[in-house]
Amino acid sequence: MIEIRIHGRGGQGVVTAAELLASAAFHDGKVAQAFPSFGSERTGAPVTAFCRIGTSQIRSREPVAHPNVLLIQDSTLLYQEHVFRGLSEQGIVLMNSIRKVEELGLRDWMVQHPEVEVYSFPASDFAEKHLGRSIANVAMVAGFASITGALTKSSVEYAIKEKFSGQMSESNIQVANDAFDYLSSHKVGV
Amino acid sequence: MKQQIEGSQAVAQAVALCRPEVMACYPISPQTHIVETLSRKVKAGDIGHCQFLNVESEFGALSVLIGASAMGARTYTATTSQGLLFMAEAVYSAAGLGLPIVMTIANRAVGAPINIWNDHSDSMAMRDAGWLQLFAEDNQEAVDLHIQAFRLAEELSCPVMVCMDGYILTHAFEVVDLPVQEQVDAYLPLFEPVQVLDPQDPVSIGAMVGPEAFAEVRYLAHHKHVQALEAIPRISQEFQDIFRRPSGGLLKQYHTDEAETIVLALGSVIGTIKDAVDDLRAEGWLVGAIQLCSYRPFPSQVLRHIVHYAKRIVVIEKDLAVGKGGIVSAEVKIALQGLPTVVDTVIAGLGGRPISKASVIDAVKAACLEGLEEPHFLDLNWEAIKRELIRQVEQRRSGPTPENLLREIGLSSEKTA
């Protein structure tokens, strides 16, 4: 089972990101569960959402304490929250940032956790380009699919179409395409 | 059809399929998504000629439904926490009058201190009001129990609460097999009231009853719950016949065969408990679990029959009878009176504190090896409590406890950061 934790801020669509992951997984014939860390739904406040993807019934109701994958949608949280807590030593971190991994100020942490794979890509830029707003949730979902191969591209597209309609759906599919293309053609991980 | 869907959306779809005729709702987190969806469906004309009333309060909501139900309408509402307490007087009235209203409780803690997260304090506060109370394990069961609830309520002429864990279920996005209209229509007949306000055949409903007959009326309300002990398994079986999946019933067992220790709980935490049982079994512990689906009526005899050979029952409950301890565990103890079975109380998950598999496993092992103090509080921050108790002894004006605790927790996390 893959356990994913998403860190972002209120208003960035973090909960929607978790739901998109679950929808896409469902479309891929997998079993998934998504849920938010409930409560402070204030714009700008740190928000966490969770997703589990497996092949058999998921019964646990506890928040994801030991994620395999961290999606950090707002990199300013790196210096505020304990975003890495509980991460698997063989885990994956996907960061929304215009900086390269080496420029994130994580050198010491990465030396201590040598097997963790860290990726960085400008998810907000793709959103800004196609949506006119830097809501990076769809790019993060596509980024997760691209890096891990745990979701097919067509299922991500299906999830987007199910969640959004009209122009929003079209634009978000373009965001997802850009994210896929970028991550498959750039050296973004360390 | 199977869908990846939010629990609240799924429940709203299920309620719509039951063709309610009057809904009166007042939004309150975490119930809001359910009633928002239903109001939109009514406005779009998706629920026949159903009327949706925006009311000024929860008290108003249930009062409207009492009138509508007495007129013979199929009625539905949803609430939680302070909203349920605000409608308390009408909650007792609806049951006392025998009106088959169905109400979702998106279970949430009761303040003060104000807290919007999940526990079972709200519906527990209404446990003696005369409503049936059914608790859902997951969103599939939440959907299924709503359909069963209308059958049950209308057959017995008794209101039913369907309790689902706030946020944990209402906001969880998971796979649910949503029934189709033909299935629900085949299962749920038209509402045929046992009493109705009809100008052609006038009656009064709600007579004042003095000492000469009050006890008899109350006994008959109790008798209805005794009848429900028979009706709930039958209605659950009939549900399975049509919908092809087991759902509801009085209680459900998980590896209880030859279990020396049985963990009992209500609601969604049973999922985590089942995972804990699997781990404990793999280590050789003879542990099983019971999900109590029907809390009212309380299935004492069925429970006694199943667990009579067990050495120990560990009741994990998301509520607290202040000054006493466990609510559910006290009822389990009465059900097992005269048996040597030890009943432990574990108070857990209050105000939305996550209940982890690791903590469940630790508590079960401790119960088996050295026994638990009564009641046992899971994952309590004893350091913060001790410091507050010392503060209260040392100074008369020690200040507001919740604020002091928040400061304690903030300080301690700064220290560990």
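All values below were derived from every heavy atom in this structure, side-chain atoms included, with hydrogens, water molecules and symmetry-related copies excluded. In what follows, chains carry the letters A, B, and so on, assigned in the order in which the sequence lines appear, proteins first and then strands, with residues in each chain numbered from 1.
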Would you indicate whether [X], at its atom [atom1], is surrounded by more than 12 heavy atoms from other residues, nucleotides or ligands within a distance under 6.0 Å?
X: A:I98; atom1: CD1; result: no
X: A:R133; atom1: CZ; result: no
X: A:R99; atom1: CZ; result: no
X: B:R245; atom1: CZ; result: yes
X: A:K153; atom1: NZ; result: yes

(message) When you measure from the side chain of B:Q4 to the backbone of A:A32, do you find a donor-acceptor pair of N or O atoms at a distance under 3.5 Å?
(response)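 Looks like yes, one N/O pair under 3.5 Å.
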
(request) To the nearest 0.5 angstrom, please state how far the OG atom of A:S23 sits from the CZ atom of B:F173. (result) 3.5 Å

(request) Mind checking the CG-CD1 spacing from B:D275 to A:I58? Nearest 0.5 Å is all I need. (result) 10.0 Å

Contact check, side chains of [X] and [Y], non-hydrogen atoms, under 4.5 Å:
X: B:D278; Y: A:R59; result: yes
X: B:H171; Y: A:F35; result: no
X: A:P36; Y: B:Y167; result: no

Least distance between heavy atoms, [X] atom then [Y] atom:
X: B:K2; Y: A:F26; answer: O-CZ, 3.5 Å
X: A:E62; Y: B:I355; answer: CB-O, 3.7 Å
X: A:R61; Y: B:A172; answer: NH1-CB, 4.1 Å

(message) What part of B:I5 gets within 4.5 angstrom of chain A, counting heavy atoms only: side chain, backbone, both, or neither?
(response)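 B:I5 has no heavy atom closer than 4.5 Å to chain A.
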
(request) Heavy-atom pairs under 4.5 Å with chain B are the metric here; pick the option from A:A18, A:S60, A:A159, A:A25 that has the most. (result) A:S60

